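As the structure is a computational prediction, the values presented were derived from the model and not from experiment.
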Amino acid sequence: MADKCEDFLKSRIEMSLLYDIYGGLLTDKQRKAFELHEMSDWSLSEVADAIEVSRQGVFELLQRARKRLVEIEEVVGFKRTLVALEEYKKNLEKLLDQHEKELSEEFKSKMSELLSELRKIGDQDV
């Protein structure tokens, strides 16, 4: 049971991240349905009333939106790139910490600047 809950949460987080990156590429109705259902936690019936389509129509809009977000990520790969950048940043920080005594102050200062720039990139809204 715990694994199912964890998988569900991971899936919601994944979809939210994909939406943050690619949501602008969905249709207006897909975007509105996704925002209300996934982000505001509205029921299918509540979303259906709000956007004036059937409950089944909302279900299909959400299915198409999720599928489209995954398809776009498969082609563009921006999320994968962000995840890889974060991993590289962590590895660099770890490596610098391990060899701190061996490195010149100038090198450490320059690396700190570069890591700071990487942090800024990672912290920007997508």
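One distance of note links CZ of Phe8 with CG of Asp3; it measures 15.0 Å at 0.5 Å rounding. In this structure, the separation between CD on Glu38 and OG on Ser16 is 7.0 Å, given to the nearest 0.5 Å. Atoms CD and OG, on Glu6 and Ser11 in that order, are 12.5 Å from each other to the nearest 0.5 Å. One distance of note links CG of Leu17 with CG of Leu69; it measures 10.0 Å at 0.5 Å rounding. The distance from atom CG of Asp49 to atom CG of Leu44, rounded to the nearest 0.5 Å, is 11.0 Å. Atom CD of Gln30 sits about 12.0 Å away from atom CD of Glu35, to the nearest 0.5 Å.
Val83 and Ile21 end up in different hydrophobic clusters when Ile, Leu, Val, Met, Phe, Trp and Tyr side chains are linked at under 4.5 Å. Linking Ile, Leu, Val, Met, Phe, Trp and Tyr whenever their side-chain heavy atoms come within less than 4.5 Å puts Val70 and Leu62 in one cluster. Placement of Tyr19 and Phe78 within a single hydrophobic cluster is found when ILVMFWY residues are connected by side-chain heavy-atom separations under 4.5 Å, directly or transitively. Tracing side-chain contacts under 4.5 Å through hydrophobic residues (I, L, V, M, F, W, Y), one reaches Leu85 starting from Met111; they form part of the same cluster. Following chains of ILVMFWY side-chain contacts shorter than 4.5 Å, one cannot reach Leu118 starting from Tyr88, and the two form parts of different hydrophobic clusters.
Within the 4.5 Å cutoff, side-chain heavy atoms of Glu102 are placed close to those of His99. Here the side chains of Glu46 and His37 are not in contact, with every heavy-atom distance at 4.5 Å or above. Looking at Glu60 and Gln63, their side chains never come closer than 4.5 Å, going by heavy atoms from C-beta outward. Using a 4.5 Å heavy-atom cutoff, the side chains of Leu25 and Arg31 are not in contact. No side-chain heavy atom of Lys94 sits under 4.5 Å from any side-chain heavy atom of Lys90.
Under the 4.0 Å criterion applied to side-chain N and carboxylate O atoms, Asp7 and Lys10 are not assigned as salt-bridge partners. Under 4.0 Å is where a charged nitrogen must lie from a carboxylate oxygen, and between Glu106 and Lys110 no such pair does.
Leu115 and Glu93 get closest at one heavy-atom pair: CD1-CG, 3.7 Å. Closest approach of Leu36 and Ala50 over heavy atoms only: CD1-CB, 4.0 Å. Taking each heavy atom of Leu103 and Lys108 in turn, the nearest pair found is O-CE, 3.6 Å.
More than 12 non-hydrogen atoms from other residues, nucleotides or ligands lie less than 6.0 angstrom from NZ of Lys79. The environment of CD in Glu52 is sparse: at most 12 heavy-atom neighbours from other residues, nucleotides or ligands sit within 6.0 Å.
Residues that satisfy the side-chain hydrogen bond (donor to acceptor under 3.5 Å, both in side chains) test with Arg55, not counting sequence neighbours, are absent from this structure. Residues forming a side-chain hydrogen bond (donor to acceptor under 3.5 Å, both in side chains) with Arg64 (at least two apart in sequence, or on another chain): none.
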**Asked** When you look at Phe107 and Leu96, which way does the side chain to side chain contact (heavy atoms under 4.5 Å, CB included) test go after all the steps?
**Response** CA-CA 10 Å; Phe107 181 81; Leu96 286 171; 3.9 Å; yes
**Asked** What's the verdict on side chain to side chain contact (heavy atoms under 4.5 Å, CB included) for Leu114 and Leu92, showing C-alpha distance, side-chain angles and the deciding distance?
**Response** CA-CA 10 Å; Leu114 292 172; Leu92 269 174; over 6 Å; no
**Message:** Please evaluate residues Lys32 and Val58 with respect to the criterion side chain to side chain contact (heavy atoms under 4.5 Å, CB included), reporting the C-alpha separation (whole Å), side-chain torsions for both, the decisive distance (0.1 Å), and the verdict.
**Reply:** CA-CA 10 Å; Lys32 186 69 174 172; Val58 170; over 6 Å; no
**Prompt:** When you look at Glu87 and Asn91, which way does the side chain to side chain contact (heavy atoms under 4.5 Å, CB included) test go after all the steps?
**Reply:** CA-CA 6 Å; Glu87 191 62 30; Asn91 288 338; 3.8 Å; yes
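Remark: the Tyr22 side chain and the Glu73 side chain contain an N/O donor-acceptor pair separated by less than 3.5 Å.
Without hydrogens or angle criteria, Thr81 side chain to Gly77 main chain gives a donor-acceptor distance under 3.5 Å.
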